[in-house]
K.L.:
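Submitted below is the structure of interest, expressed as structure tokens.
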Amino acid sequence: MAESHLAFLLICFYISLLFSVSHCKTAKRDVKALNEIKASLGWRVVYAWVGDDPCGDGDLPPWSGVTCSEVGDYRVVTELEVYAVSILGPFPTAVTNLGDLTRLDLHNNKLTGPIPPQIGRLKNLRILNLRWNKLNDVIPPEIGELKRLTHLYLSFNNFKGEIPKELASLPELRYLYLHENRFIGRIPPELGMLQNLRHLDVGNNHLVGTLRELIRLEGSFPALRYLYLNNNFLTGGIPAQLANLTNLEILYLSHNKMSGTIPLGLAHIPRLTLLYLDHNQFTGRIPDAFYKHPLLKEMYIEGNGFRPGVNPIGAHKRTVGFMNGAIQTFKLSSNSNIVKSIKLLRFYASSATTISSDYSTSLTDINSSSNTSQARQLFDELPQRTTSLYNAMIKCYIRNEQSGQALHLFVEMLNSGKHQPDNYTFPFVLKACSDSSMLETGIAIHSRALVSGFDSDTYVQNSLLALYMNCGLKEDARRVFDQMQKRTVVSWNTMISGYFRNGCAEEALVIFDQMMGMNVGYDRATMVSVLPICAYLKDLQRGRQVHELVEKKRFGTQIAVSNSLVDMYAKCGCIDEARSVFDEMIVRDVISWTAMIGGYVMNNESRKALDLCHLMQLEGVRPNSVTVAALLLACVSLCSLKYGKCIHGWVIRCRLESDVLVETALIDLYAKCNSVDLSFRVFEETSRKRTVPWNAIISGYVHNGLYREAIEFFKKMLKESVDPNAATLISLLPAYAELADLEQAKNLHCYLIRSGFHPRVETATGLIDIYSKCGSLEFAHELFYGIPAKERDIFSWSVIIAGYGLNGHGRTAISLFDQMVKSGVNPNEVTFTSVLQACSHRGLVDEGLRLFKSMVEDYRRKPRADHYTCIIDLLGRAGRLKEAYFLINSMPFEPNRAAWGALLGACVIHEDVELGEVAANQLFELEPENTGNYVLLSKIYAAVGRWEDAENVRNIMTDMGLRKEPGWSSIEVRDTVHKSNIITCSG
């Protein structure tokens, strides 16, 4: 009994182990298959598939396009989507090893070759989408083994041969798309036995046969709704049996060689909405039953031999439109097709002697469409025109961003002498001038309105406000505003937004306060205009007052208002309140998500921005270029290359990689994460004709210390005739500063003058920095005082102070600091760092301590690590080592290597062994592979005669495999830099 019990336990254990191994194999199998796919699909997919965990169980999100499901204790891949990323090469056979796959989507790529016969392994596959590739050869018969397949998309490839009969053995197939291939032969009639098939599209192939052969089997296509057979070589007529397809909604037979008459039964298919019979050889006449069909909307019959019928439409040459059982004549309903109606109206216009009021109304409705050319053609055919019709046509042009055409029509109206503009005409043409920034034309129209007596009309005045504000003439706009007898909410809103757009945010708020004080009222547009101003000025108090107004009128349900509130709170530093507004939004668009993500990045909460990105993906919101740029900036702030690659993959999936903002952000991401090769790779895929990507790659090389490479890129940019802008030069100037090459600095200075970039404050500041680091303070001094006193900002002052300090002129640096303060420019953290370093280099202890105290007490600045390092270095050089050590211990944060390094350097100068050992031990922990720290401690020991300890430190370096790099010097000869080892030279 005991033995049988033991045997039972062993069997149970073996079975459990077997299942455990099975699951383990399944998980490992999927990981192996995905890695094989990753290797075969090229470098683009690498950005989306980061790490060793495709299902996202670790810290990283799941691989882009990979969906997994739980099976016991493991995960298996059930969906794989890698589309629209231009992957090259043959169909990745490794996909067929994903045995649990239910969805495979590789559409819109550049896959070549056949579908492998191993496709039959995917027994659980329901959706197979391979559209828009370059796959060829015949469809393998093994595709008939996918018994659970419901969707098969193989359109827009190069498949050839006959359509396989094995497709008829897929009992659950609903959608079959074989459009735009090279199939030949007949369509298998066995497909008609698929009880669930709803869509069949075999258009644009080389198929032959007749429609009668396709539906010859009894009960064919019981669920079929869409049948596309266009652009083939089908012959014969339309069989009467086609009326048995009672679920048919769209029948597309265009561009074949079919003939005969149209059977009456076709008009009795109850759900038929679209019928395409054009470009065949049909004859006879259209049965009258078609005109009374309750659902038929469009019927294309041109290119046949139909006879005229009794219906007044006559010989049908083009589209015939139907609505509620009758052909549309004069009136357009919201459900009718604009293009069809225009053609019908043209027919009646050519045959009628008078134009009814319904006809004019029709034109007004047509002008709200986007088809301005046909609307204008109809307008030109009118025998009688009115001012209202001119207004409608002008409005149509403006809505479709054709301001020039609108103004030409306005001139034509005036030249006719028959029609005069009214209070509706002037607002339209003024808007055309405003949209095109045609100020002189706008002023002329203003004069015309004045002569016509419409200058006091509220609509005209509001249009004048918009015109002058858009053209930057805020004084003229204010003059019109002050003369208005009746100001509407639109008038006030136009002034508020106009002042803000013209850089007068404070004046805009004054207008808003006047508006509130006069109880004019406000609307949603007012809130959307004022909230960005509060955000720009970081006026949180005013922003909250506006929020109260929003709640009072319940504008919070308007998505534009909520988006503005999120942006305002985020830019004012109240990120929790921004998130509260965001969470309360019932509907969010991409702008909502972008504002919240950008807010997190702006408030140094980049991790939360990436978390929000995951939620955005789950809700299916497609990002825009601004969203992506904000997310990539979050990755930069976290120095997270892996997350950046994930977002790069998402970008490719969303087809945003060619957007210049996204390209620039990607180049910046890889450069800031020290992956210059990837940064250059992205740059190589840009158009290279736009300036911004060049700026990003130059800045990236400078960031990584590749100064000469950055300069070479700039020269290459000029050779490729890409015009640099101010941002290019601002990115490039630090490279020249770090190289400290006076000759190149002068060349650059000449280029800036010759190309018109100098004098500018930004370029002058960069040149001051370059000349200072080259030791040429005369040029730096001259440039600084060449900047007008009122234009000297904190950056130019900081650079000149740092320059004098760097060159050992500490007292001059302090004097410049005092001049800056007297001029009304408040120092920032960088300025204090520059002046404290100047004091440190010259040993000006008292002055340095005074400035440090002033920074904390007078300017309420919290000292940063570099400020503490300057004071530690200052005290250390003066021999006040204990005070320096005390300052390190009193720092409100952990001292960094610079602070301990400053103390160690001072201990070397003053031969303080005790504090030197303390500083060195801290540095050994912070940067154990820095040989300089070991050398400095060894020097201290040697200075006091402790040779054995000095030797021990050297032995520690040897045991750790550390070796001090020898110094070197460089010299440039004919644009080539030659480096020489100092030891070699001296030997």
K.L.:
Look up atom CD1 in Ile119 and atom CG in Leu125, then write down how far apart they are to the nearest 0.5 Å.
P.N.:
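Reported to 0.5 Å precision, the distance equals 6.5 Å.
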K.L.:
If you round to the nearest 0.5 Å, how far is CG of Leu122 from CZ of Arg103?
P.N.:
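Result: 14.5 Å between the selected atoms.
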K.L.:
Is the distance between the ring centroids of His179 and Phe156 under 6.0 Å?
P.N.:
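Phe156 vs His179: aromatic centres under 6.0 Å.
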K.L.:
Do the rings of His199 and Tyr177 sit parallel, tilted or perpendicular, given the 30° and 60° boundaries?
P.N.:
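Ring orientation, 0 to 90° scale: perpendicular.
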K.L.:
Taking atom NZ of Lys123 as the centre, report whether more than 12 heavy atoms of other residues, nucleotides or ligands fall under 6.0 Å from it.
P.N.:
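Check passes, neighbour count above 12.
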K.L.:
To check you understand the geometry: which heavy-atom pair defines the closest contact between Leu197 and Arg174, and what is its length?
P.N.:
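Heavy atoms of Leu197 and Arg174 come nearest at CD1-O, 3.5 Å.
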K.L.:
Take Ile301 and Ile286 through the test side-chain contact (heavy atoms from CB on, under 4.5 Å) and record every step on the way to the result.
P.N.:
CA-CA 9 Å; Ile301 57 176; Ile286 305 296; 4.1 Å; yes
K.L.:
Quick one: does any side-chain atom of Asn181 pair with a main-chain N or O of Leu154 as donor and acceptor, under 3.5 Å?
P.N.:
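Confirmed, Asn181 side chain pairs with Leu154 backbone.
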K.L.:
On a heavy-atom basis, which atom in Ile184 and which in Leu207 lie closest, and how many Å separate them?
P.N.:
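Closest pair (atom of Ile184, atom of Leu207, distance): O-CD2, 3.6 Å.
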K.L.:
Could you tell me whether Glu172 and Lys147 make a salt bridge, using a distance below 4.0 angstrom between a side-chain N and a carboxylate O?
P.N.:
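No, Glu172 and Lys147 are not salt-bridged.
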K.L.:
Ignoring hydrogens, what is the shortest heavy-atom contact between Asn205 and Phe233? Give both atom names and the distance.
P.N.:
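In this case the closest contact between Asn205 and Phe233 is O-CE1, 4.3 Å.
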K.L.:
Mark yes when over 12 heavy atoms from residues, nucleotides or ligands other than Arg622 sit less than 6.0 Å from its CZ; otherwise mark no.
P.N.:
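More than 12 heavy atoms, drawn from other residues, nucleotides or ligands, come within 6.0 Å of this atom.
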K.L.:
How far apart are the C-alpha atoms of Leu167 and Leu176, what are their side-chain angles, what is the distance that settles it, and do they pass the side-chain contact (heavy atoms from CB on, under 4.5 Å) test?
P.N.:
CA-CA 9 Å; Leu167 293 175; Leu176 176 59; 4.2 Å; yes
K.L.:
Looking only at heavy atoms, which two atoms of Asn232 and His206 are closest? And how far apart?
P.N.:
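Nearest pair, atom of Asn232 first, then His206: OD1-N, 3.4 Å.
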K.L.:
Side chain of Asn109, backbone of His107: donor and acceptor closer than 3.5 Å?
P.N.:
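Such a contact is found between Asn109 side chain and His107 backbone.
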K.L.:
Would you please say whether a donor-acceptor pair under 3.5 Å links the side chains of Tyr300 and Glu302?
P.N.:
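On atom types as modelled, these side chains do not qualify, holding no pair under 3.5 Å.
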K.L.:
Go through Arg121 and Glu142 one step at a time and tell me if the salt bridge (charged side-chain N to carboxylate O under 4.0 Å, His left out) criterion holds.
P.N.:
CA-CA 9 Å; Arg121 297 176 185 171; Glu142 287 82 1; over 6 Å; no
K.L.:
For Leu248 and Arg225, which heavy atoms make the closest approach, and how far apart are they?
P.N.:
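Taking every non-hydrogen atom into account, CD1-O, 3.4 Å.
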K.L.:
Classify the ring geometry of Tyr226 against Tyr228: parallel below 30°, tilted from 30° to 60°, perpendicular beyond 60°.
P.N.:
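Aromatic pair Tyr226/Tyr228 classed perpendicular.
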K.L.:
Check Leu264 against Ala289 and note the closest heavy-atom contact, atom names and distance.
P.N.:
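Scanning both residues, the minimum pair turns out to be CD1-CB, 3.8 Å.
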K.L.:
Just by distance, with hydrogens left out, do Asn157 and Asn136 show a side-chain donor and acceptor under 3.5 Å apart?
P.N.:
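No, no side-chain donor-acceptor pair sits under 3.5 Å.
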K.L.:
Check Leu266, Thr273, Ile269 against Leu251 for a side-chain contact (heavy atoms from CB on, under 4.5 Å) and give me the one that passes.
P.N.:
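It is Leu266, the one option of Leu266, Thr273, Ile269 that forms the side-chain contact (heavy atoms from CB on, under 4.5 Å) with Leu251.
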K.L.:
Should the heavy atoms of other residues, nucleotides or ligands under 6.0 Å from CD of Glu401 be counted, would the total exceed 12?
P.N.:
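12 or below, so no.
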K.L.:
Step by step, work out the side-chain contact (heavy atoms from CB on, under 4.5 Å) result for Thr261 and Phe282.
P.N.:
CA-CA 6 Å; Thr261 60; Phe282 293 116; over 6 Å; no
K.L.:
Ser388 vs Asn391, test: side-chain hydrogen bond (donor to acceptor under 3.5 Å, both in side chains). Steps then yes/no.
P.N.:
CA-CA 5 Å; Ser388 297; Asn391 291 347; 5.3 Å; no
K.L.:
Would you please test Asn204 and Asn230 for side-chain hydrogen bond (donor to acceptor under 3.5 Å, both in side chains) and show each step?
P.N.:
CA-CA 6 Å; Asn204 286 71; Asn230 56 293; 3.2 Å; yes
K.L.:
For Leu229 and Leu211: C-alpha separation, side-chain torsions, deciding distance, then whether side-chain contact (heavy atoms from CB on, under 4.5 Å) applies.
P.N.:
CA-CA 9 Å; Leu229 304 175; Leu211 190 56; 3.5 Å; yes
K.L.:
Would you say Leu274 and Glu249 make side-chain contact, with heavy atoms under 4.5 Å?
P.N.:
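A side-chain contact under 4.5 Å is absent here.
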K.L.:
Establish, from distance only, whether the side-chain atoms of Ser254 and Asp278 form a donor-acceptor pair under 3.5 Å.
P.N.:
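Distance-only check passes for Ser254 and Asp278.
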K.L.:
Are a donor atom and an acceptor atom from the side chains of Asp589 and Ser592 found within less than 3.5 Å of each other?
P.N.:
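There is such a pair (donor and acceptor under 3.5 Å, judged by atom type) between the side chains of Asp589 and Ser592.
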K.L.:
Do any N or O atoms from the side chain of Asn256 and from the backbone of Leu253 form a donor-acceptor pair under 3.5 angstrom?
P.N.:
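Answer holds: yes.
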K.L.:
Quick check: do Leu130 and Leu135 have side-chain heavy atoms less than 4.5 Å from each other?
P.N.:
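They are in contact (side-chain heavy atoms under 4.5 Å apart), so the answer is yes.
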K.L.:
Measure the OG1-CG distance between Thr78 and Leu98 for me, rounded to the nearest 0.5 Å.
P.N.:
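Nearest 0.5 Å value for the OG1-CG distance: 10.0 Å.
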K.L.:
When rounded to the nearest 0.5 angstrom, what is the spacing between CG in Leu277 and CE in Met299?
P.N.:
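The CE atom of Met299 is 5.0 Å from CG of Leu277, to the nearest 0.5 Å.
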